Amino acid sequence: MRLFILSVLLFSQALFADSYLIKNGRLVTMGMQGVIENGDIHIVDGRIVEVAQEINPESMDEVIDAGGAYVTPGLFDSGTQLGLAEVEKYVGSTDNRVKGQPLGAGFSPALALNRYSSFVPMVRKEGITRAMVLPVTGSEILAGQSALVQLGGNAPFSTNDGNAVHLYLREVDRKLAGGSQASALTQAVNSLKEAERFGKNKRAYQSGKTREFRQSENDLKTLLQVLNRDMTLVIHLDRAADIETVIAELNVFNIRLVIAGGREAWKVKELLAEREIPVVLNVIDNLPSRFDRLGARLDNAALLVGAGVKVAFMTQDLYSDTRSLTQAAGVAVAYGLTWHQAMKAITVNPAAIWGLENYGSLEAGQVADIVIWDGDPLEVMSAPTRLMIDGRWINLTTRQDLLRDRYSDLDKQDIPFGYR
Amino acid sequence: MGNQVSRLKVSLHLVLLFLVTHATAEEGRYQSTYKARQAPDTLIHSATLFTGDGGVIEAGYIKMAGGTIEAVGSGMPATLDNLDTALDASGKWVTPGIIDVHSHLGDYPSPRYRPHLDGNEATAPVTAEVWAEHSVWPQDPQFPLALAGGVTTLQILPGSANLFGGRSVVVKNVSSRTVQGMKFPGAHHGLKMACGENPKLVYGEKGGPKTRMGNFAGYRQAWINALEYQAKWQNYREDLAQFESATKEDKEKKKPSPPKRDLSMETLVEVLEGRILVHNHCYRADEMAQMIDLSKEFGYRITAFHHAVEAYKVADLLAANNICAAMWADWGRFKLESFDAVKENVSLVHKASACAIVHSDSATGIQRLNQEAAKSLAAGRRMGLNISEAEAFAWITLNPARALGIDERTGSLAEGKMADVVVWNGSPFSVYSRVEKVYIDGSLVYDLEKDLKPVSDFELGHRVRGL
């Protein structure tokens with residue numbers, strides 16, 4: 001029985017009902033309607049059907065009075081290892097990389113995602129409903145494909161695996177491709193050219209009449225999708241000069257590019273704006289910890305957005321992981337970004353960058369990913385009070401809450417802690 | 001009369017011996033050369049003051065003179081004579097300088113390449129002989145970044161690979177060519193000890209310890225050795241005193257020769273004699289309880305458990321033994337012993353009347369310790385704990401000062417203390433607030449509006465100042 005209750009608490013995806021009315025919210029719609037004070041949202045069968053100052057539908061399964069609280073779309077973390085490892089170091093498997101296998105771009109860690117990880121409820125509790133789960137480098141600079149995940153609701157955990165391929169060209173990655181940035185970039189370009197050749201001669205490949213390719217068929221097929229613009233190529237790199245070179249070298253391919261990391265991206269912001277290349281940032285990592293990121297600074301986001309570059313935020317490598325996405329967005333505001341632009345970087349911008357339809361704003365027709373907050377969502381002292389993914393309310397209890405409750409009264413000595 | 005003279009002679013000898021055998025380093029070389037800069041007498045008024053000791057003063061003022069805090073109060077001081085500068089801080093917050101009890105700035109500096117990794121003498125499980133200050137690079141560009149976050153004092157520790165990692169150093173966050181020029185005058189050294197995963201994982205395949213019980217045997221043997229070493233020196237001192245005070249005829253006896261010095265044992269003996277404070281990296285509740293027993297077996301005091309992720313499970317034990325817990329707001333799950341991290345940890349420890357500290361152990365985290373305290377406070381309040389912002393501010397000011405043994409001199413806005421003061425452009429509990437001014441010993445060392453910031457040699461020509 002106890003076990004049953006626990007599993008319901010932790011893993012139940014939703015408490016069922018079909019239609020909801022959220023009333024009196026400070027609605028941060030992230031759409032054309034801007035912010036609506038004391039507004040209403042009508043949700044039916046997992047979709048937002050209306051957002052307006054006042055809605056009075058005929059029937060309703062549940063009415064929730066937000067009491068003037070902030071209501072936002074569910075937030076999006078554009079880079080995390082969520083669901084690929086229970087503990088970062090030394091424990092069991094970390095499924096975020098592949099080593100010593102003929103597998104590069106074709107590697108899809110989505111196959112290993114654990115939707116039942118007790119880390120998932122912890123992340124939801126921060127108001128995050130969607131995330132981009134990334135592969136990191138094992139033995140190839142083309143590390144594999146990312147998975148777009150939703151952290152609950154009706155749909156499968158991974159909604160659109162394989163929508164982007166990740167290429168790592170940071171200083172630390174060069175050793176995987178000959179030790180020079182030049183050899184790494186050459187290898188990346190050659191990999192794309194190989195896929196191009198493969199695409200033109202598929203029949204010859206299948207009958208074994210082509211020259212031997214460096215990459216496996218899996219990899220070639222994946223990169224072909226990049227060349228066809230069905231997938232995005234996300235390049236992880238920081239140094240300004242490298243960003244310029246990479247953009248120039250990849251110009252021969254008509255592909256969709258995203259820069260991730262981009263610690264010195266502000267130095268080449270005009271180029272990025274002109275080429276309409278979005279940048280996914282670690283907002284708070286401003287350390288000159290390597291020579292390829294001497295220019296790291298906290299107002300990177302503000303400078304990029306000021307030049308017209310679309311930005312999204314990721315927590316990868318952050319101080320406290322996915323838990324601090326809103327804090328990072330708040331810090332970007334403290335360093336010059338507008339509040340609205342910071343909100344965009346964790347809602348509508350990732351939706352646009354990763355090609356996620358019907359998500360990111362509180363507007364009619366959108367999937368109902370909705371968070372009600374106890375304060376300004378970007379403030380460090382705020383937290384969600386209710387959270388809906390895909391039209392279902394999510395139980396916000398975490399394993400951490402159970403631990404806290406067990407040890408909340410140390411004076412009570414009559415019952416051993418294991419029975420509390 | 002003669003008797004008196006010889007007694008005087010004996011005590012003089014004892015003083016000299018003490019200096020020779022114990023305090024060579026502190027009293028002789030490696031001294032702090034930090035001198036507070038000449039600072040104008042400054043009044044900051046009309047601000048909200050978090051005093052650091054749990055107090056708050058609305059529309060308050062602070063007057064700094066000669067590098068120390070001359071007066072703190074509400075309204076305006078009785079006299080405005082002898083003022084060089086007056087600053088109207090309406091709508092702003094004024095707090096003590098932030099103190100980070102756990103940092104590796106300078107010993108794990110940026111840029112972070114192998115030639116710069118000087119934080120862990122991971123060559124043997126017991127390296128109590130090493131001193132962090134001999135690794136600290138004062139040109140680490142991370143120091144100015146921490147200053148922009150309001151950090152005025154920090155403890156720099158050796159890493160946690162070893163059972164005994166070595167001595168820590170407490171520094172003021174001031175621009176200096178030398179680490180001696182940063183050292184907090186008169187502050188104790190700390191001794192870094194480490195529980196749990198790190199020592200056993202580092203040495204498991206290198207001769208041990210390989211298990212937690214192996215860790216424990218290692219601590220005990222080292223303390224046994226230290227007691228023996230202490231006794232050897234005590235015997236020597238007694239023999240020498242006897243020799244020096246003996247009559248001429250007796251002096252034909254051979255003068256006792258001192259035992260061989262052992263740097264590692266010297267550190268441990270100084271702990272046993274209360275001159276070095278123990279800072280013990282320890283995540284798990286059960287291990288903290290064991291370490292408390294260990295300290296009782298050998299008669300030393302644990303000043304603080306660091307990274308005390310499970311402190312909430314034994315907060316009563318920590319309170320009863322007067323041990324501080326230095327914690328993160330929400331860092332956890334990066335290793336198995338941090339798996340049970342809860343956000344309410346700091347608040348729960350505070351509510352158990354133990355000394356709660358928010359620390360960083362991170363060159364990014366140190367830039368926002370106020371926000372880390374805010375997150376911890378918010379989590380505590382959400383579970384119904386009634387804690388004020390002013391109380392929570394002690395987690396990053398007076399409580400770490402206590403753990404470093406410098407609470408009589410800094411850590412709160414109190415008359416006579418060092419004028420280590422931060423002016424914030426909004427509430428330090430808001431993510432949007434920035435540090436506007438930092439004073440160290442009354443001297444303005446950071447000013448956001450005037451773009452006054454120290455720039456490390458490494459940053460020159462490389463970076464935009466202070467971001």
Side-chain angles (χ1 to χ4, degrees), chain A residues 85-91 118-119 122 125-126 266 282 284-291 293-300 317-321 323-324 326-331 333-335 339 374-376 378-383 398-408 410-411 417, chain B residues 109-113 141-142 145 197 201 285 310 312-317 328-336 338-345 348 352 360 362-365 367-368 370-372 374-375 377-379 381-385 429-434 458-459 462-464 466-467:
Chain A
E86 289 298 321
V87 177
E88 203 176 297
K89 286 181 188 160
Y90 311 120
V91 180
S118 59
F119 195 35
M122 289 170 66
K125 202 161 186 159
E126 304 297 322
W266 61 272
N282 288 304
I284 69 171
D285 188 356
N286 61 338
L287 304 178
S289 54
R290 294 193 164 269
F291 278 98
R293 55 188 66 165
L294 293 182
R297 52 193 283 182
L298 290 172
D299 58 356
N300 196 4
D317 299 334
L318 276 192
Y319 174 50
S320 54
D321 302 321
R323 275 154 283 178
S324 54
T326 51
Q327 183 182 7
V331 168
V333 174
Y335 285 82
W339 188 88
D374 63 6
D376 174 349
L378 302 189
E379 271 291 7
V380 273
M381 294 190 69
S382 302
T398 65
R399 177 177 174 274
Q400 266 52 35
D401 295 336
L402 304 181
L403 276 165
R404 172 202 63 204
D405 292 344
R406 170 171 278 188
Y407 290 98
S408 60
L410 299 177
D411 294 334
F417 289 98
Chain B
S110 273
R112 194 180 262 230
Y113 294 95
Q142 297 169 150
L145 293 176
E197 287 181 19
L201 291 172
E310 292 190 3
Y312 65 99
K313 298 184 183 178
V314 287
D316 51 345
L317 262 182
W328 294 293
D330 56 7
W331 223 9
R333 252 188 122 103
F334 51 91
K335 58 203 293 203
L336 206 49
S338 71
F339 201 62
D340 283 1
V342 303
K343 283 186 165 185
E344 295 82 358
N345 197 16
L348 283 166
S360 81
S362 155
T364 50
Q367 300 176 43
R368 281 170 293 278
N370 59 311
Q371 294 177 22
E372 300 305 303
K375 287 192 281 185
L377 173 64
R381 283 182 174 175
R382 222 167 269 126
M383 73 170 284
L385 302 178
F429 289 87
S430 166
V431 74
Y432 306 126
S433 297
R434 296 270 303 269
F458 182 73
E459 287 172 288
H462 272 150
R463 274 169 67 80
V464 178
L467 288 160

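Letters go in sequence order (proteins before strands), and every chain restarts at 1. Predicted model, so just to flag it, every value in this text is computed and none were measured.
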Student: Answer whether the closest heavy-atom distance between the side chains of B:Glu310 and A:Leu403 falls below 4.5 Å.
Tutor: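 Side chain of B:Glu310 against side chain of A:Leu403, heavy atoms only: no contact under 4.5 Å found.
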
Student: I would like to know whether A:Tyr407 and B:Val342 meet side chain to side chain contact (heavy atoms under 4.5 Å, CB included); could you show each step before the answer?
Tutor: CA-CA 11 Å; A:Tyr407 290 98; B:Val342 303; over 6 Å; no

Student: For A:Ser289 and B:Ser110, work out which heavy atoms get closest and say how close.
Tutor: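 Result for this residue pair: CA-OG, 3.3 Å.
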
Student: List the atom of A:Glu379, the atom of B:Ser430, and the distance in Å for their closest heavy-atom pair.
Tutor: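 Heavy atoms only, the tightest pair is OE2-OG, 2.6 Å.
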
Student: Heavy-atom distance under 4.5 Å to chain B: side chain of A:Ala85, backbone, both or neither?
Tutor: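 Contact with chain B involves no heavy atom of A:Ala85 at all.
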
Student: Using atom types as modelled and distance alone, determine if a side-chain donor or acceptor of A:Gln327 lies under 3.5 Å from a backbone N or O of B:Val431.
Tutor: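 Side chain of A:Gln327 to backbone of B:Val431: no pair is present.
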
Student: Could you please spell out the steps behind the side chain to side chain contact (heavy atoms under 4.5 Å, CB included) verdict for A:Leu287 and B:Gln367?
Tutor: CA-CA 11 Å; A:Leu287 304 178; B:Gln367 300 176 43; 3.7 Å; yes

Student: Is any side-chain heavy atom of A:Val380 closer than 4.5 Å to a side-chain heavy atom of B:Arg368?
Tutor: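 Heavy-atom side-chain distance check fails, nothing below 4.5 Å.
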
Student: Please report the interatomic distance CZ(A:Arg404) to CG(B:Asn345), rounded to the nearest 0.5 Å.
Tutor: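 Between A:Arg404 CZ and B:Asn345 CG, I get 12.5 Å after rounding to 0.5 Å.
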
Student: Do A:Ser408 and B:Met383 touch side chain to side chain, with heavy atoms closer than 4.5 Å?
Tutor: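 Touching, per the 4.5 Å side-chain cut-off.
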
Student: To the nearest 0.5 Å, what is the distance between CE (A:Met381) and CZ (B:Phe429)?
Tutor: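 Taking CE in A:Met381 and CZ in B:Phe429, the distance rounds to 6.5 Å.
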
Student: What residues form a ring pair (Phe, Tyr, Trp, His ring centres under 6.0 Å) with B:Phe339, not counting sequence neighbours?
Tutor: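 B:Phe339 satisfies ring pair (Phe, Tyr, Trp, His ring centres under 6.0 Å) with no residue once adjacent residues are dropped.
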
Student: For A:Asp374, give me all partners under side-chain hydrogen bond (donor to acceptor under 3.5 Å, both in side chains), at least two apart in sequence or on another chain.
Tutor: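 By the side-chain hydrogen bond (donor to acceptor under 3.5 Å, both in side chains) rule, A:Asp374 matches B:Arg382.
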
Student: Quick check on A:Asp411 against chain B: is it the side chain, the backbone, both or neither that has a heavy atom closer than 4.5 Å?
Tutor: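 Nothing of A:Asp411, per the 4.5 Å heavy-atom cut-off to chain B.
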
Student: So which part of B:Ala315 gets closer than 4.5 Å to some heavy atom of chain A, the side chain, the backbone, both or neither?
Tutor: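 Both backbone and side chain.
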
Student: Given a strict heavy-atom distance threshold of 4.5 Å, which part of B:Leu201 is in contact with chain A: side chain, backbone, both, or neither?
Tutor: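 Side chain only.
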
Student: Looking only at heavy atoms and a cut-off of under 4.5 Å, which of B:Lys335, B:Arg112, B:Arg381, B:Gln371 has the most pairs with chain A?
Tutor: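 Answer, by heavy-atom pair count under 4.5 Å with chain A: B:Gln371.
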
Student: Counting only heavy atoms closer than 4.5 Å, note whether A:Phe291 contacts chain B via side chain, backbone, both or neither.
Tutor: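 Contact with chain B involves both backbone and side-chain atoms of A:Phe291.
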
Student: Looking just at side-chain N and O atoms, do B:Arg333 and A:Ser118 make a donor-acceptor pair shorter than 3.5 Å?
Tutor: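 Yes, a side-chain donor-acceptor pair sits under 3.5 Å.
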
Student: Are A:Leu410 and B:Tyr312 side-chain neighbours, meaning at least one heavy-atom pair lies under 4.5 Å?
Tutor: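 Side-chain contact under 4.5 Å: no.
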
Student: Looking at chain A, which one of B:Ala374, B:Pro141, B:Ser338 has the largest number of heavy-atom pairs inside 4.5 Å, strictly under?
Tutor: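 Among the listed options, the one with the most contacts to chain A is B:Ala374.
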
Student: Less than 4.5 Å apart, any side-chain heavy atom of B:Glu459 and any of A:Leu294?
Tutor: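 No. Closest side-chain heavy atoms not under 4.5 Å.
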
Student: Is the positively charged end of B:Arg434 above the ring of A:Tyr335, judged by distance under 6.0 angstrom from the centroid and angle within 45° of the axis?
Tutor: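 Pair B:Arg434/A:Tyr335 counts as cation-pi.
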
